[in-house]
Amino acid sequence: MNQPTKVVYLGSLPFDQTEQQVLEVARSVGPVVDFKLFFDQETGKPKGYAYVEYQDLETAASAVRNLNNYTMGNRNIKCSYSGRLSIEDSIAESGDGIKLPPLPLGIDLIGTSDPTELTFKVVETLEYNKLLSVLKEARSMAKTSPLAMKKLLDENPQLAYALVHAGNLTRKMSPEDINAVLDKPVANGVQNAAAKEFASLPVQAQEQIRAVCALTQNQIEQLQPAEKNMIIQLKEKYSNVVNNI
DNA sequence: GTTGAGCGTT
């Protein structure tokens with residue numbers, strides 16, 4: 001992985017996009033301090049890459065997260081910190097080799113005092129059917145590639161938080177369901193038993209437990225008191241299991 | 001007429 005800098009490299013840009021159009025995409029993650037789009041000096045043809053300087057590291061990090069693989073025209077553009085390593089090298093160097101699908105463009109958090117509460121509000125604006133399809137997709141991913149699901153949730157606790165609330169709003173993970181799982185006795189302090197029990201649970205229950213374990217302490221604090229206690233118990237019981245898969 | 005990987009046109 002390249003060293004974080006305020007400057008990011010944008011590559012694989014469509015040749016037919018104007019400087020203004022590329023700049024507009026760059027600005028969608030935050031204010032742009034400096035911007036350079038490169039052309040061949042002799043032919044005047046675009047080289048298909050650009051550099052964007054943001055005002056701070058946070059905005060640049062957001063660009064790397066949100067703009068890499070962003071679809072512009074008919075191409076998936078590349079976005080990484082400025083440096084010599086290729087995108088492929090960065091992925092290979094980042095360890096486990098698990099590649100995650102791109103997430104949709106994030107929303108601007110500048111000036112937000114409570115990002116967790118904002119996540120909750122965004123989830124609430126979704127229609128019931130949309131919530132169901134999001135849960136269904138998460139379940140499917142948990143089933144076909146549990147390691148990728150674990151990585152996705154570890155790296156994006158806001159997604160775990162959103163999934164827990166989606167589970168609540170659609171009554172797919174009611175407090176009663178959580179209690180039912182907790183009521184199953186497990187041999188005292190024996191991780192193996194918890195692991196076996198986890199493996200025997202329905203896939204959707206496993207997926208929800210993974211989501212719960214990915215919640216940060218701050219996010220748990222935001223929950224309703226009733227579910228908060230259950231979430232804490234769930235996390236205590238299963239976090240070692242989930243983290244050792 | 002021509003491009004698709006590119007990490008800084010001085």
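Naming convention: chains lettered A, B, ... in sequence-line order (proteins, then strands); numbering from 1 in each chain.
- Among the atoms of the strands shown, base atoms are found under 4.0 Å from some heavy atom of A:Leu37.
- Every residue two or more places apart in sequence or in another chain that forms a side chain to side chain contact (heavy atoms under 4.5 Å, CB included) with A:Glu221 is listed here: A:Gln217, A:Lys228.
- Remark: A:Lys136 pairs with no residue by the side chain to side chain contact (heavy atoms under 4.5 Å, CB included) rule, at least two apart or across chains.
- Scanning for side chain to side chain contact (heavy atoms under 4.5 Å, CB included) contacts around A:Ser133 gives A:Lys130, with sequence neighbours left out.
- No hydrogens or angles considered: a donor-acceptor pair under 3.5 Å links the side chains of A:Gln21 and A:Thr18.
- Counting any heavy atom pair closer than 4.0 Å across all strands shown, A:Ile77 reaches no nucleic acid atom.
- Between A:Asp40 atom CG and B:dT10 atom P there is a gap of 10 Å when expressed in whole angstrom units.
- Look at NZ on A:Lys36: it is 13 Å from P on B:dT10, rounded to the nearest Å.
- Summarising the hydrophobic clusters (Ile, Leu, Val, Met, Phe, Trp, Tyr; side-chain heavy atoms under 4.5 Å, direct or chained), the residues clustered with A:Tyr128 are A:Leu132.
- Computed from coordinates, the A:Lys47 NZ to B:dT3 C1' distance equals 12 Å when rounded to whole Å.
- Map A:Phe39 and A:Asn74 each onto its nearest nucleotide of DNA chain B; the residue landing nearer the 5' end is A:Asn74.
- At whole-Å resolution of the value, CD in A:Glu42 and P in B:dT2 are 17 Å apart.
- Atom-to-atom, CG of A:Leu13 to C1' of B:dA5 comes out at 12 Å; the value is rounded to the nearest Å.
- Taking atom CG of A:Asn76 as the reference point, atom P of B:dA5 lies 14 Å away to the nearest angstrom.
- Atom pair A:Lys45:NZ and B:dT2:C1' shows a separation of 6 Å (rounding to whole Å applied).
- Looking at A:Lys235, its side chain does come within 3.5 Å of a backbone N or O of A:Leu215 through a donor-acceptor pair.
- Near DNA chain B, defined here as any heavy-atom distance below 4.0 Å, the residues from residues 14-24 of chain A are A:Pro14, A:Phe15, listed numerically.
- In this structure, A:Lys78 atom NZ and B:dG4 atom C1' are separated by 12 Å, rounded to whole Å.
- Under the side chain to side chain contact (heavy atoms under 4.5 Å, CB included) criterion, A:Ala50 pairs with A:Leu10, A:Leu13, A:Phe35, A:Leu37, sequence neighbours left out.
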